[in-house]
Chemist: 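Pasting a structure here, questions to come.
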4 protein chains.
Amino acid sequence: MSLKTVAVIGSSQANEEEYETALYVGRELAKRGIVVVCGGRTGVMEAVCKGAKESGGLTVGILTTYDGSDANPYVDIKINTGMSWNRNPIVVASGQMVVAIGGHYGTLSEIAYALILGKKVVGYKTHKVEGVLHVSTPEEILREVDSFFNL
Amino acid sequence: MSLKTVAVIGSSQANEEEYETALYVGRELAKRGIVVVCGGRTGVMEAVCKGAKESGGLTVGILTTYDGSDANPYVDIKINTGMSWNRNPIVVASGQMVVAIGGHYGTLSEIAYALILGKKVVGYKTHKVEGVLHVSTPEEILREVDSFFNL
Amino acid sequence: MSLKTVAVIGSSQANEEEYETALYVGRELAKRGIVVVCGGRTGVMEAVCKGAKESGGLTVGILTTYDGSDANPYVDIKINTGMSWNRNPIVVASGQMVVAIGGHYGTLSEIAYALILGKKVVGYKTHKVEGVLHVSTPEEILREVDSFFNL
Amino acid sequence: MSLKTVAVIGSSQANEEEYETALYVGRELAKRGIVVVCGGRTGVMEAVCKGAKESGGLTVGILTTYDGSDANPYVDIKINTGMSWNRNPIVVASGQMVVAIGGHYGTLSEIAYALILGKKVVGYKTHKVEGVLHVSTPEEILREVDSFFNL
C-alpha cells in the first residue's frame, strides 16, 4: 500500500500570506499522515515542506537539478530530475490530488498538467482556470483534502 | 545558420474555424521559409502541417510516442520523444516564437511554458493568459510573425 | 537534512539469485535507515522494495506511468513520471550512490547515466562497464554502501 | 510521408579519426536524402552535421538547452529540450536506425536506449555491447545503412 500524497504547487517567490497558507497546509497534511510532494524549492514549496516537518511529516521534492542543490532545507526525499522546468508534470502526477497556492507561469503549467491528468485541483488565490475548484480560505483547502481522502 | 522556426499549438480536436486558421497559418509560414514545429498530431497540429506542405514548407512533429505512430501524414520530421504529454515544453522551446490557436489544457500547458521561457506568444481564440498577445484575425497572426522576424 | 538514498537498479525479470540478492540488499539498506530508490516495477525492483519493507524501511518508485499503475506492492512513494523509459536517469540521479544487480538494456542505460553523473556504482553480476566497481558477493555490496556513507 | 532519418551518436570530444568518419557518414547520408539526427553538439555530432551540410543535406540537433545555445553551427533544426542529458533517448528514438562512432558514457546510454527500443544499431569503434552490429570500416557503416533502407 503506497502512502497518501498531495502535490502542493505555487510560486517560488511567495508573498507573506501565501507563505503562511502553505505552512498551515503543510502542517495539516502531515497531521493526517499525508506525504507532501512539491517542486522542492523556495516560496510556497519551502513553506509547505517546513510546515510538514513541524508536524513530523514526510516531504518529497521533485527537483530541477541532477544533484538536488536546489532543494529547500525541509525536503526529506530529493528526486533529482535534471530536467529543469520539464519536471513540472511529474510534480502533479505524483500527488493523488493537487493544491495550488498563488503562483506564476510555472504553477499555471502544473495546473494545466493536473487537469490533463484528470486530477482534483484545489486553488487558493491562483490562476482562474476552468476545472480548478477555487476556495477562499485555507480551511476550505483542508476540507477539500479531507473530502478527497474520506477523512 | 539554423532555420527559422515557429511553434504552432492548439487543440488536437479543432473545430472547423480553428482548422482553417491553422491551415492558413501553415501555408503562410511555409511561404516565408519558416519551419513549422508542432505536437505532430491531429486538429490544429495536422492543419498547420498540411498547410505548410501545400506551400512546399518543412514540418517538424514533436511526438508523444517512441515510434512516431501518432504523427499526422503531413509531418516531415518525426521527433519521437516517448514522453507522452511531458513533451509539451519541447514543442514551444523549439519555436523561436509561438502561435496558439484555440486549444484546451494541453495548449494551456504549452502557453505557460512559452511564457516561462520568455517567448513571444500570439494567441487566437485561445486561453486568456496575461503575457499572451491576443489577436482577433488570422491576418494579425501573420503580421506578428512578420514583425518578429523583421519580414 | 534530506534522507540517505541508494538507487538500486536491475532487471524487471530477475532470476532467483538476483531476486534473493535484491531482497537482502533491501533489508540491509532499510536497517541502516537508507531510503531505497528504484524504478518501482517487478524483478530486482520489487525484491529490493520487499526487502526494505520487511526491515521497516521506506521505498520510492520512479515509475514509467502517470498513474502509478506499474508500481509493485512494496512501493511507499510513487513518483509518477509518465515518461516511460525516459525516467531512467531520474532513478540513478536520485540515489546518492547506485547498486546494480544483474540487468538488461534498461539497467545498462541507468549505469551509463550514473557514470555520466559521477556516481559511485557498485555492480553485482551486471554489465562489465569501465567505471563500475564490480563485486562478487552480496556482502561486498553492503560493504561498499557502508564505506560510501561512513557507516 | 515523413523523411528518412538516421541518428548518429558519438563523443562530444571526438579524436581525429572519429571526426573524419563522422564527416564522411554525414556526407553520404545527405547524398542519399537521409536526414541526420544527432545531439547537436561538438565532436562526432558536429562532424556529421558538417558533412551533411557539405552534401546539401538536412540536420536536426536534439539539444540539451532550452535556447539552443549548445548547437554546433551545422544544425539546421534545433530541438530545444531543456532536459540536459535526459534528452538522449529522444535522439535515438528519432532515427529510424542508429550509427554509433566512438563515444563515452553518453553514447553508451544512447546505445542502451536504442536497443531497448529495438533499433538497428551499427557501431564503429564504440562500446562492445551485445546487440550492436559492429563494423570495422566507414564504408561498412554505409553498407548497413543502404541495407536498412533498401538502397
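Below, chains carry the letters A, B, ... as their sequence lines are ordered, and counting in each starts from 1.
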Chemist: Step through the shown structure and confirm whether more than 12 heavy atoms of other residues, nucleotides or ligands are within 6.0 Å of CD on B:E17.
Modeler: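 Yes, the 6.0 Å shell around CD holds more than 12 heavy atoms from other groups.
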Chemist: Rounded at 0.5 Å granularity, tell me how far OH in D:Y66 sits from OG in B:S94.
Modeler: 11.0 Å
Chemist: Testing D:D76, D:L58, D:I79 for side chain to side chain contact (heavy atoms under 4.5 Å, CB included) with B:I77, which one passes?
Modeler: D:L58
Chemist: What closest approach, in Å, do B:A93 and D:N80 show between heavy atoms, and which atom pair accounts for it?
Modeler: O-ND2, 2.8 Å
Chemist: B:L63 versus chain D, heavy atoms under 4.5 Å apart: side chain, backbone, both or neither?
Modeler: neither
Chemist: Does a side-chain heavy-atom distance below 4.5 Å link D:M83 with B:I90?
Modeler: yes
Chemist: Is chain D contacted by the side chain of B:V60, its backbone, both, or neither, given a heavy-atom distance below 4.5 Å?
Modeler: side chain
Chemist: Has B:Q13 got more than 12 heavy atoms of other residues, nucleotides or ligands less than 6.0 Å from its CD?
Modeler: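 At most 12 heavy atoms, drawn from other residues, nucleotides or ligands, come within 6.0 Å of this atom.
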Chemist: Which value, rounded to the nearest 0.5 Å, describes the distance between B:T81 atom OG1 and D:R87 atom CZ?
Modeler: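 Spacing of OG1 (B:T81) from CZ (D:R87) equals 14.5 Å.
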